*Asks:* 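Below is the structure I would like to discuss, written out as structure tokens.
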Amino acid sequence: MATPVNHPYYPRDLLLPHYVANTLGMDYILTVLFSTFGVILLAAGIIIFRKRVSAGDRLIFMWCVICGFIHMFLEGYFAVFHSSLAGDQAILGQVWKEYSKGDSRYLSSDSFVVNMERITAFIDGPLAFYTAYAIYTNSPGRHVAQISVSICQLYGCVLYYLTTLFEGSPHCDPHPLYFWFYFVVMNAFWTIIPIVLINQSWGAIYRGMAVAQKAISSKKHK
């Protein structure tokens with residue numbers, strides 16, 4: 001006799017014996033989540049507005065701050081509690097159960113997702129915060145940090161997409177909200193923005209090295 005499936009996730013035969021349905025509705029969860037993001041971005045904007053930096057650097061500072069919070073706290077929660085997440089009724093647990101309708105690997109402790117999120121939480125998170133700090137203080141290490149965290153984000157996100165798309169997306173609910181918004185759009189930011197920032201930092205580092213080499217050459221010929 002087949003074991004009944006008591007959850008809404010794909011594939012439909014996914015075994016989640018410890019699953020407990022959310023007590024909070026989707027509207028409430030998304031409102032809390034995006035309102036929190038909005039407050040963090042507003043606070044970051046107020047902080048960086050006091051500094052004499054370009055509009056572009058203000059936006060990058062805000063991006064790095066929100067990334068730091070998402071990586072360290074939201075994704076860090078998953079990295080620590082992934083094995084019990086399907087039955088977790090804490091607010092962050094319910095956020096992950098809602099998001100998992102777009103990718104059920106978060107509830108099944110998929111080995112790739114768990115280790116990718118551990119790297120994201122404990123390496124990318126601090127790097128994002130350091131990059132924000134480096135922008136704020138105009139540190140010479142800003143672009144080294146920026147290109148490093150952006151490469152990590154891009155590489156992780158590309159693998160995240162490809163590892164399930166290669167299998168035909170069996171972990172994704174085909175409903176447009178869950179596949180296109182949760183799985184595609186909500187992760188696309190960590191594909192598109194890192195590409196832009198890698199290009200910016202590559203150019204800055206190249207120009208800096210060119211100036212340094214020119215200075216060294218001039219000294220040798222004196």
Side-chain angles (χ1 to χ4, degrees), residues 30 32-80 92 95 99 113 115-161 184-222:
L30 294 182
V32 170
L33 182 66
F34 289 113
S35 295
T36 302
F37 291 167
V39 170
I40 293 170
L41 287 170
L42 178 61
I46 292 171
I47 291 169
I48 196 62
F49 183 77
R50 301 172 184 174
K51 300 293 288 186
R52 292 184 177 179
V53 297
S54 67
D57 279 353
R58 288 194 178 109
L59 291 175
I60 297 169
F61 175 87
M62 293 167 66
W63 164 253
C64 290
V65 169
I66 193 66
C67 283
F69 276 101
I70 291 173
H71 294 338
M72 289 192 68
F73 296 100
L74 183 58
E75 292 172 283
Y77 188 89
F78 167 80
V80 174
L92 289 181
V95 167
Y99 173 75
V113 171
N115 287 290
M116 180 268 293
E117 291 291 8
R118 284 173 175 169
I119 293 170
T120 301
F122 304 126
I123 296 178
D124 294 7
L127 263 177
F129 278 129
Y130 175 76
T131 305
Y133 171 78
I135 293 171
Y136 187 83
T137 59
N138 195 29
S139 168
R142 174 263 180 93
H143 284 290
V144 175
Q146 181 174 302
I147 199 170
S148 298
V149 69
S150 297
I151 289 172
C152 287
Q153 290 171 334
L154 178 61
Y155 187 65
C157 200
V158 168
L159 287 179
Y160 171 71
Y161 277 135
V184 176
V185 174
M186 289 181 70
N187 291 287
F189 293 102
W190 284 274
T191 302
I192 298 169
I193 296 177
I195 290 174
V196 174
L197 298 186
I198 288 169
N199 181 67
Q200 183 197 58
S201 291
W202 181 278
I205 292 170
Y206 183 90
R207 290 190 297 272
M209 290 302 300
V211 170
Q213 288 178 349
K214 186 176 181 180
I216 291 171
S217 179
S218 296
K219 286 182 180 180
K220 286 181 178 179
H221 290 87
K222 283 184 178 180

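Excluded from the calculations below are hydrogen atoms, water molecules and symmetry mates; all remaining heavy atoms, backbone and side chain alike, are included. What you are looking at is a predicted structure, and each value in this text was computed from that prediction instead of being measured.
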*Asks:* Per the side chain to side chain contact (heavy atoms under 4.5 Å, CB included) rule, which among I48, N138, I60 passes with V53?
*Replies:* I48

*Asks:* Any salt bridge (Lys or Arg N to Asp or Glu O under 4.0 Å) involving residues 58-74? Give me the pairs, sequence neighbours left out, ordered by first then second residue.
*Replies:* none

*Asks:* Once ring-ring contact (aromatic ring centres under 6.0 Å, His included) is applied, do any residues pair with F37, and if so which ones, sequence neighbours excluded?
*Replies:*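 For F37, the residues satisfying ring-ring contact (aromatic ring centres under 6.0 Å, His included) (neighbours in sequence not counted) are F34.
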
*Asks:* How would you list, by chain and number, every residue that makes a salt bridge (charged side-chain N to carboxylate O under 4.0 Å, His left out) with R142, sequence neighbours excluded?
*Replies:*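 Checked R142 against salt bridge (charged side-chain N to carboxylate O under 4.0 Å, His left out); matches are D57.
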
*Asks:* Not counting sequence neighbours, list each pair that qualifies as a side chain to side chain donor-acceptor pair (under 3.5 Å) and has a residue in residues 63-75.
*Replies:* H71-E75, H71-Q153

*Asks:* Do L197 and I147 make a side-chain contact, defined as non-hydrogen atoms from C-beta onward lying under 4.5 Å apart?
*Replies:* no

*Asks:* Let me confirm one number: the CG-OG1 distance from L41 to T36, rounded to the nearest 0.5 Å.
*Replies:*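 Here the rounded value is 11.0 Å.
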
*Asks:* Answer yes or no: is there a side-chain heavy-atom contact under 4.5 Å between I47 and F61?
*Replies:* yes

*Asks:* Between CD1 of I123 and OG of S148, what distance do you get to the nearest 0.5 Å?
*Replies:*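 One gets 11.0 Å once the value is rounded to the nearest 0.5 Å.
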
*Asks:* Taking the side chain as everything from C-beta on, heavy atoms only, tell me whether R118 gets closer than 4.5 Å to N115.
*Replies:* yes

*Asks:* Is the CZ atom of F189 crowded by more than 12 outside heavy atoms at less than 6.0 Å?
*Replies:*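 Count not over threshold, so no.
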
*Asks:* Please, which pairs that meet salt bridge (Lys or Arg N to Asp or Glu O under 4.0 Å) have at least one residue in residues 35-47, sequence neighbours excluded?
*Replies:* none

*Asks:* Counting C-beta onward and ignoring hydrogens, is there a side-chain heavy-atom pair between M72 and F129 closer than 4.5 Å?
*Replies:* yes

*Asks:* Hey, is OH on Y161 packed in by over 12 heavy atoms from elsewhere, all under 6.0 Å?
*Replies:* yes

*Asks:* Using 0.5 Å steps for rounding, measure from the NE2 atom of H143 to the OG1 atom of T131.
*Replies:*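 Rounded to the nearest 0.5 Å, the NE2-OG1 separation comes out at 10.5 Å.
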
*Asks:* Can you sort out the partners of C152 under side chain to side chain contact (heavy atoms under 4.5 Å, CB included), two or more places apart, ordered by chain and number?
*Replies:* D124

*Asks:* Contact between E117 and T120 at the side-chain level, heavy atoms closer than 4.5 Å - yes or no?
*Replies:* yes

